[in-house]
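Values below: all heavy atoms of this structure, side chains included; hydrogens, waters and symmetry mates excluded. Naming convention: chains lettered A, B, ... in sequence-line order (proteins, then strands); numbering from 1 in each chain.
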There are 2 protein chains.
Amino acid sequence: MKKNITIYDISKALGLSASSVSRALKDHPRISIKTKELVKKKAKELGYKPNQIAASLRTGASSIVGVIIPTIHHNFFSKVISGLEEVLAQNNLATIITQSHESLDKEKANLDVLLNTHVLGVIASISKQTQNLDHFKRLLNRNIPVIIFDRTTKNPITNSVVVDDFTGAYKATEHLIQNGYKRIAHFTVSFNLHIYQERMRGYRSALEDHGMAFDPDLVLEVNSDIEQGKMAAQKLIRLPDPPDAIFSSSDYSALGAMQFLKEKGIEVPGEFGIVGFSNETFTEHVTPSITTVDQKPLLMGKEIGLTFLGLIKREGDPFNPIIKKLVIEPDLLVRESSARKKNESPKKH
Amino acid sequence: MKKNITIYDISKALGLSASSVSRALKDHPRISIKTKELVKKKAKELGYKPNQIAASLRTGASSIVGVIIPTIHHNFFSKVISGLEEVLAQNNLATIITQSHESLDKEKANLDVLLNTHVLGVIASISKQTQNLDHFKRLLNRNIPVIIFDRTTKNPITNSVVVDDFTGAYKATEHLIQNGYKRIAHFTVSFNLHIYQERMRGYRSALEDHGMAFDPDLVLEVNSDIEQGKMAAQKLIRLPDPPDAIFSSSDYSALGAMQFLKEKGIEVPGEFGIVGFSNETFTEHVTPSITTVDQKPLLMGKEIGLTFLGLIKREGDPFNPIIKKLVIEPDLLVRESSARKKNESPKKH
DNA sequence: CTGTTAGCGCGTTCAA
DNA sequence: TTGAACGCGCTAACAG
């Protein structure tokens, strides 16, 4: 059990005071260049590592950023984290990751843990149960920066980084219309969450702009899950007037629907078009490959990191009521599952 | 900016000393039940939250566990983290995640960050460049527990949790043999890393046990990447005596190979068998679905968490030379890509 | 069973 | 430009 080197050890070795060492290490302006060099050299020589814990206790701030996400093993979230962690690490900030598992209680509990750890700030994407951002106000009151990304509420109380869900959904639906599909259904993951409401709004708007009626019977709430997608597709084709395409807010339920249709001998994309959302890895590799909306998660993670750095650098400004919203434009990735020729008329089934 | 409630505030409110409050909160045995109740009630009333930073500085240990992995956005790693985080969170431990991006330097830098954060312990899977575990010795010398999982070296210097790669590879190869494939190639991700050496050993052993020759020309070092898989498959079929099956240590290169063969009109599994490794999400959903080895990452994460908890609970034992290795048996998931009937003779191509 | 005292390592007054 | 002294909040000796 080796003892750690402290500023004390190096102050003794140099015949200086601990405070001078502290200042020299931090490039304090009122320390002579010579002393600074001396101290830094000695520090390296002795293998000095600053004790962040002690610094945290003293200053009340750490170099740890807390993250709360619903689940880490979704392609989208793990890629966002990846981009975020890259930017933060470059700035010597560590990242604590916690999962809410779609539970509001867990989300609140995680917030407690992060607060107790004295995180520099919190970056979160809310759970399916979360209806408002009130529990984040505690942090804002203490001037701890909070960024909400992707899943947020309608009225932001803090900075956010989101995808333009409306436009992504609009493009996806319009693409189906332009490829000759006449009756387009929609799978929404949750009627509650704002991002899914936005996607539904984009879907509806595209329909109406192209003179197609919005039919509530064609909108189903379907979990992001293959089995649920299958069951929902079954419901749809049993309708008196069934659709010939689905725009799904989830790639998983899109895949489930596609598998169900295949089993029933309904041809995708010939008879039935499918578009998903999120660009999960499998969408590119299934047969037929699935047209989907790419939210650029890696870019999003980096942007979140940059936004965060901007927030903490402006620390002299204790009361900063400017709430910014960064919107990333998603891309429609056109693949096979929606490729019916424009004027090809569908077979009856 | 509200001030935090400290044990001092509650000691004053109750006319007790701070240390009694501290002890009461920690359920110290030599505190009266009455006092404990009083203190806890007051604590809740005032909204007291323990300051972990101060506790860390005092005790030298935090309630944060550090994790180092090559990359978070691989299904396997994100699922391991998910399982691990679940177990640790249940025990009020937070998880810091860092990525090495397959670089030894980054791995070492991450270790520094974690040490400065005074983590309780470190859980790591080493990068492709990492040849030995020397940089982890600093932690062990300070009696900080370290667990290495999945990717480790041949000679462990600390506890580890791994998959039985040899057996997984053996089962995969044997399965191809039993399905009538006669000349089986192997993609290894890296000749350096022990886990891949083990898989190669399993491959070789299965061949030899079934009277088939091991041919070094059929073993290629291929990155875990679709494009690389395509190129490697091309090399293989250009051989004077080409193989009729591949056992790949990566699902990604397995998929690449399969795509290449499809393009060339070579039928999978009829003419050519393919088995991958890791059970990436897409393997189940591509056409044909890919037979692969499931490493049970969620279970693995939980086991790592449990092992870790065992390690830190035994804190009174400063010198503990017992190095344990927990080995998880992987499952072979038989799917379509390897389903040639046992005695069907292959077409020539 | 409870109180007193001290110190973890650092950053920041204040004073020189 | 530098040093002395203090305290962030908590826990662990030691003492009673």
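- Nearest-nucleotide positions on DNA chain D place A18(A) closer to the 5' end than the other of Q52(B) and A18(A).
- Between R138(A) and D112(A), at least one side-chain N (NZ, or NE/NH1/NH2) sits under 4.0 Å from a carboxylate O, which counts as a salt bridge.
- To the nearest angstrom, C1' of dG9(D) lies 13 Å from CD1 of I10(B).
- For dG3(D), the OP1/OP2 oxygens have a side-chain nitrogen or oxygen of S20(A) closer than 4.0 Å.
- Residue-level contact check: S56(A) touches neither bases nor backbone, having no heavy atom under 4.0 Å from any strand.
- Rounded to whole angstrom, the span from the NZ atom of K26(B) across to the P atom of dT2(C) amounts to 17 Å.
- Between S22(B) and the phosphate of dT11(D), there is a side-chain N or O to OP1/OP2 separation shorter than 4.0 Å.
- Look at CG on L25(B): it is 15 Å from P on dG9(D), rounded to the nearest Å.
- Minimum atom distance to the side chain of L57(A) is reached by dG9(D), of the listed dG9(D), dT2(D), dT11(D).
- The distance between atom CD1 of I53(A) and atom P of dG9(C), rounded to the nearest whole Å, is 12 Å.
- Residues N192(A) and Q131(A) meet the side-chain proximity criterion, which asks for heavy atoms closer than 4.5 Å.
- At a cut-off of 3.5 angstrom, the base of dT12(C) holds no donor-acceptor pair with the side chain of T59(A).
- For S32(B), counting side-chain heavy atoms from C-beta on, the closest listed nucleotide (dT2(C), dT12(C), dG9(D)) is dT2(C).
- Within the 4.5 Å cutoff, side-chain heavy atoms of V161(B) are placed close to those of T307(B).
- Classified by interplanar angle (parallel below 30°, tilted 30° to 60°, perpendicular above 60°), the ring pair F149(B)/F77(B) is perpendicular.
- Remark: C1' of dT2(D) and NZ of K36(A) are 13 Å apart, rounded to the nearest angstrom.
- For dG3(C), the OP1/OP2 oxygens have a side-chain nitrogen or oxygen of S17(B) closer than 4.0 Å.
- Per the geometry, CG belonging to N51(A) stands 17 Å off P belonging to dG9(D), to the nearest Å.
- A close approach under 4.0 Å does occur between a side-chain nitrogen or oxygen of T35(B) and OP1 or OP2 of dT2(C).
- No side-chain heavy atom of I123(A) sits under 4.5 Å from any side-chain heavy atom of I69(A).
- Between the CD1 atom of I7(A) and the P atom of dC10(C) there is a distance of 5 Å, rounded to whole Å.
- Between K34(B) and E37(B) there is no salt bridge, since no side-chain nitrogen of the basic residue lies less than 4.0 Å from a carboxylate oxygen of the acidic one.
- When the side-chain nitrogen and oxygen atoms of Y8(A) are compared with OP1 and OP2 of dA4(D), none of them lie within a distance under 4.0 Å.
- Take the nearest nucleotide of DNA chain C for H118(B) and for H28(B): the residue whose nucleotide is more 5' is H28(B).
- Note on L16(A): only backbone sugar-phosphate atoms sit closer than 4.0 angstrom, heavy atoms only; bases stay farther off.
- Proximity note for R58(B) (side chain, C-beta onward) versus dA12(D), dG3(C), dG11(C): the nearest is dA12(D).
- Taking for each of R23(B) and P50(B) the nucleotide of DNA chain D with the nearest heavy atom, the 5'-most of the two is the partner of P50(B).
- Per the geometry, NZ belonging to K49(A) stands 13 Å off P belonging to dC10(C), to the nearest Å.
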